[in-house]
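Here the structure comes first, spelled out in structure tokens, and everything after it is commentary.
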Amino acid sequence: MKRAKDKMNIFALFERRVADAIKALVAEGRLPAGLDTARVVVEPPRDASHGDLATNAAMVLAKDAKSNPRALAEMIVEKLKDDKDIVKLDIAGPGFINLTLAQDIFHNVLREALTLGRDFGSSNQGKGQKVNVEYVSANPTGPMHVGHGRGAVFGDALAGLLEFAGYDVTREYYINDAGAQVDVLARSAHLRYREALGETIEIPEGLYPGDYLVPVGEALAKQYGDKLKSQSEAEWLPVVRSFAIDAMMAMIREDLARLDIRHAVFFSERSLTKNGTDEIRKMIDDLRGRGLIYEGRLPPPKGQLPDDWEDREQTLFKSTDFGDDVDRAIMKSDGSYTYFAADIAYHHSKFQRGFASMIDIWGADHGGYVKRMQAAVKAITGGKGDLDIKLCQLVRLLRNGEPVKMSKRSGEFVTLREVVEEVGSDAVRFMMVFRKNDGTLDFDLAKVVEMAKENPVFYVQYAHARCASVLREAQRVFPKIDISAAGLAKSDLSAVNDSSELDLFRLVAQYPRQVEAAAANHEPHRIAFYLYELASSLNSLWNKGKDLPHLRFINQDDETITRARLGFVCVVRDVLASGLAVLGVSAPDEMR
RNA sequence: GGCCCCGUAGCUCAGUCGGAUAGAGCAACCGCCUUCUAAGCGGUAGGUCACUGGUUCGAAUCCAGUCGGGGUCGCCA
């Protein structure tokens, strides 16, 4: 299987052949040994008239080879020219080598794509390496808003992408159930509890006013009667807190499920210090033993000084040893741990669970926290762990270009659930990754449900439906044709050779490469843009059949050509379905 | 003030670990569109890739600085 997958990636395939040519030249003594070929790439040329593939090998190696790029290119071309899969080699510009491939290559790619089906594009890039993707991690104090939704969708799409690229992915959620905010939640819920018992209550400033706690209060009343009413806060708080956190997490999980997001691990911050074990203490002691924890004073922040600033000795982590700008506090003045301290222990737990590779998805407002967390991971893993942190910028919710604001239910914001209910999971999921994560995103509730090319969700799904429709129609016209992928893999594809068809093939052949690049850079948006491009290419070809009937996918008088064209229609359908599946978006067979 | 992110066509944005003549959608203009599933297809026009300098055979991409926008800034989470 591995070999089949690799063979599918023509860029990787010819990268090896170029490398082999260089090796041969070294063996013959015509090039010096020890050349670094890491920067050699084979990529699609910007301009299709330059051929199918281009390599920078000669330019990259010229200096070390003590040669000039064009002379070197000629040597490489000489080695490649006997390759039967290459029909044309040009040296162009500053020393590019342009390769034009035999059409067979594309036909073979198509045939193998048909054979692999949904596996086409997947790879062994990750080699089964364990990766932990932590995302959402919204505080369990209320419903999720649209910003959470972006992180949720981004994280889930990235997880799916990495799985497709051969990583062993664990989806994880960190429940911040230990800070002061969950005490506030408990007090807010307790008020709702008293309300459920018939009291008239008023929610003071600083507590959570949202309606969503009303049912929690009612549930508390049902379970505990008036028992909690006579207790002191010290008595009822842990009970109500735990109850309310569970209720909030149930709500959040329900919201996530509507987007088909399901984490494998829910890790509780509180569990780090439960039942007599204190993982945070252990971690601090360990770091202290290595001289990375000390009592000291931090310089005051520059610029506007906080009102309550006072110079004070603190317990600090020496994050500056690992690239941070200042050392960071790990104990509060009342002796409790900071959030950072718990987070260090949490990431230590990930590492101990076998994740040398960790990815965190955070909101952009946590940008100031990145360096210290990465410093901490370096410290606790001895440099063996890698933490990539992807920041998701704000989502601006619009309706026909006008900002959407406020929601009664949540108390302050439009909830994610409301948005998913209005426009559907597919629109939310696709649009949330139709932007780079580090740019702000406009999400227009009206536009994402339009049936038009400017709405990418629709456009891509429609292209998939069109392929499915063509196959259905073909089955009607030619009942004898086996329209399954396996059946179409037997088609004689050599008749498909119109230039616009070959353009589409080139795009299809890029899919494995796009997946690898997207996975390597942790950028799922590349898949979304690729799918849009593929949909556009298909529709363009479809439209050509209007003026040039001989290019139509179904030709009633020619079963051979029809079989061949159905082959690539099937491949395009499957690539669209595959990419959409990676992003967690459905691929409908018809648009209604 | 420190740190992080962003700055690409009128607007919204892509741009391959540095590669050839910088792309798409929308808007504008021109043409086509009663098709195998309609919601489109083709074309024209539109650019000092914020600015300056550096590295390089080669920079939208890397580095330094400047300007502009956003975020963040000792114990919140």
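Just so it is clear, the model here is predicted, and its values are computed rather than measured. Order of the sequence lines sets the chain letters (A, B, ...), proteins ahead of strands, with each chain counted from 1. Reckoned from all heavy atoms, side chains included, excluding hydrogens, waters and symmetry mates.
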Heavy atoms from C-beta onward define the side chain here; which of [options] lies closest to that of [X]?
X: Asn543(A); options: G40(B), C36(B), G19(B); value: G40(B)
X: Leu298(A); options: G74(B), U35(B), G19(B); value: G74(B)
X: Asn521(A); options: A39(B), A77(B), C17(B); value: C17(B)
X: Phe458(A); options: C13(B), G71(B), G40(B); value: G40(B)

Next on the checklist: If the threshold is 4.0 Å, N to carboxylate O, is there a salt bridge linking Asp442(A) and Arg396(A)?
Outcome noted: yes
Below 4.0 angstrom from OP1 or OP2 of [N], is there any side-chain N or O of [X]?
X: Lys436(A); N: C5(B); result: no
X: Lys546(A); N: C33(B); result: no
X: Trp542(A); N: A38(B); result: yes
X: Lys371(A); N: U72(B); result: no

Checklist entry - May Phe529(A) be described as stacking on the base of A14(B), applying a 5.5 Å centroid limit and a 30° limit on plane angle? => result no
Next on the checklist: Quick check: closest heavy atoms across Gln125(A) and Ala520(A), and the distance to 0.1 Å?
Outcome noted: NE2-CB, 3.5 Å
Side chain of [X], base of [N]: donor and acceptor closer than 3.5 Å?
X: Tyr532(A); N: A14(B); result: no
X: Asn98(A); N: A20(B); result: yes
X: Arg526(A); N: U16(B); result: no
X: Arg513(A); N: U16(B); result: yes
X: His525(A); N: A14(B); result: no

Next on the checklist: Would Arg513(A) pass as a cation-pi partner of Phe11(A), given that its NZ or CZ must be under 6.0 Å from the six-membered ring centre and within 45 degrees of the axis?
Outcome noted: yes
Next on the checklist: Going by purine N1 to pyrimidine N3 plus the second Watson-Crick contact, or the G-U wobble pair, all under 3.5 Å, which nucleotide sits opposite C26(B)?
Outcome noted: G10(B)
Checklist entry - If pairing requires Watson-Crick or G-U wobble contacts with both distances under 3.5 Å, which nucleotide is the partner of A60(B)? => result none
Checklist entry - Side chains of Tyr294(A) and Gln314(A): is there a donor and an acceptor less than 3.5 Å apart? => result no
Checklist entry - When you check the side-chain N and O atoms of Thr315(A) and Glu295(A), is any donor under 3.5 Å from an acceptor? => result yes
